[in-house]
Amino acid sequence: MYNGEKLNPKQFVLDSVAEIKQQVGSDTVVLGLSGGVDSTVTALLIDKAIGHQLVCIFVDHGLLRKGEFEDVLKHYEGLGLNVKGVRAADRFFAALKGITDPELKRKAIGKTFIDVFADEARKVKDAKWLAQGTIWPDIAESHSDKGVIKSHHNVGGLPEDLKFGLVEPLKYLYKYEVREVGAELGLDAHFLGRHPFPGPGLGVRCLEECTPERIHILQEADAVYIDALREAGLYDKIWQAAAILLPVRSTGIKDGKRTFENVIALRAVNSVDAVTAEVVNLPFDFLQKVSTDIIAKVDGVNRVVYDCSPKPPSTIEWE
Ligand code: XMP
C-alpha cells in the first residue's frame with residue numbers, strides 16, 4: 001500500500017466491504033468496467049458489499065483486443081455481475097477522425113467515453129455513486145510534480161446533471177496488491193494473470209490516426225503475438241506485452257512483388273508497479289517466428305521490430 005504497510009487481502013476485503021456499505025447505504029452505484037483487473041476487482045468488491053445495487057457498464061470503444069468484448073462480457077456474466085455491454089465503436093472512430101496528436105487522441109477517447117457512459121448512466125434509476133478502479137500509480141503519475149506525463153483515462157468529469165459521489169476502494173493499492181485482493185475474491189488465475197491494458201486501449205498503440213482499418217491490422221497482429229506468447233509458456237512470465245502499429249511504412253517483397261506496407265513493433269516488459277519497467281529478453285528464435293507469422297497472416301504488414309527500451313526513459317505505452 002502507498003503508506004508502506006503490508007497488505008492483508010482478507011482484512012482488506014472485510015474492511016472495504018464494511019466501508020462501501022456504510023458509504024453508499026441503499027443507493028445505486030454505477031461502474032465502468034474495462035475488462036482489466038482493476039475495474040473487475042473493484043466491481044467484485046462492491047458486488048460483495050451491495051449486490052445488484054451495483055450496475056456495471058462495459059463499453060466497447062472499438063479499441064479492445066480481438067474478440068475481447070464478447071469474451072470478457074461472458075466472463076462478467078459468469079461472475080454474477082450486473083453488467084450491461086454497450087457497443088459504441090462508431091462513436092469513438094468518429095471522434096478520433098483526423099486526430100494524430102497522442103494527448104488529443106487520449107482526450108477524444110476520454111471525452112467520448114464520458115458521453116457514452118453518461119448516456120447509459122442516465123438510464124440507471126437512482127444512481128448516486130460512481131465507482132472507479134483507480135489505483136495508486138494512476139494518482140501518483142497523474143499528479144507528478146514533473147507535470148502531467150500522460151492524462152490517464154478514467155470517468156472523472158461527468159456532466160453537471162450526473163453529480164455522483166466517488167467510490168474508489170483500490171486507490172491506495174499497487175497492481176500486485178489488486179491481484180492479491182482479486183484472488184481473495186475468487187477471481188480465477190487466467191483472468192487475474194491478464195496483462196494490464198490501458199483504458200484508451202489500442203488507441204495508444206496505434207500511432208497517428210486511429211481508423212477502423214488500422215485498428216483491425218493492429219488487433220490481428222496483437223492476437224498473433226499474444227497467442228504465441230501463451231503457446232510458448234511465456235505469457236505468465238511477462239508483466240505486459242503489446243503490439244504497436246507504427247506510423248511509418250517500409251519496403252518489402254511478397255510473392256516476388258514490391259510491397260510498401262506497415263511496420264509492427266512488439267513490446268514486452270517486466271515491472272512491479274508500472275513506475276519503472278525493464279525489457280524482457282525474449283528468445284530470438286521466438287521473435288523471428290512471431291515476425292514471420294505476423295507478416296504471413298496479417299494483410300498490410302511487411303516488417304516487425306522489437307522495442308528494447310526500458311522505462312525510464314521510455315514509457316511502457318508508445319503514446
Ligand atoms: P506508461 O505508458 O505511462 O504506462 O508507462 C504505465 C502503465 O499504465 C498503463 N496505462 C494506462 N492505464 N489508462 C489506464 O487505465 C491510461 O490512460 C493508461 N495509460 C497507460 C499502461 O498500459 C501501463 O501498464
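All heavy atoms count here, side chains included; hydrogens, waters and symmetry mates do not. In what follows, residues are counted from 1 in the order of the sequence shown. Every number for a ligand or one of its atoms is a count from 1 in the order of the listing.
Near W239, the atoms of ligand 1 lying under 4.0 angstrom from a non-hydrogen atom of the residue are 24 (O). With ligand atoms numbered from 1 in the order given, ligand 1 contributes 1 (P), 3 (O), 5 (O), 6 (C) to contacts under 4.0 Å with heavy atoms of K311. Close contacts between ligand 1 and A274 involve ligand atoms 6 (C), 7 (C) [criterion: under 4.0 Å to a heavy atom]. Which parts of ligand 1 touch P196 is read off a 4.0 Å heavy-atom cut-off, strictly below it: atoms 24 (O). Near P200, meaning under 4.0 Å from one of its heavy atoms, ligand 1 places the atoms 13 (N), 16 (C), 17 (O).
Ring geometry, Y235 versus H195: the interplanar angle falls under 30°, so the pair is classed parallel (tilted spans 30 to 60°).
Contact annotation: K175 has no heavy atom less than 4.0 Å from any atom of ligand 1.
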request  = Test R65 against D71 for salt bridge (Lys or Arg N to Asp or Glu O under 4.0 Å), laying out the working first.
outcome  = CA-CA 10 Å; R65 289 194 143 118; D71 290 352; over 6 Å; no
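Under the salt bridge (charged side-chain N to carboxylate O under 4.0 Å, His left out) criterion, K6 pairs with no residue at all, not counting sequence neighbours. Judged as a salt bridge (charged side-chain N to carboxylate O under 4.0 Å, His left out), and not counting sequence neighbours, K171 has no contacts.
The option with the heavy atom closest to atom 19 (N) of ligand 1, from among E317, R106, H195, is R106.
A cation-pi arrangement, defined by a distance under 6.0 Å to the six-membered ring centre and an angle within 45 degrees of its axis, is absent between R179 and Y176.
Taking any N or O of Q240, backbone or side chain, at least one lies under 3.5 Å from an N or O belonging to ligand 1.
Counting heavy atoms from C-beta on, the side chains of L63 and L96 come closer than 4.5 Å.
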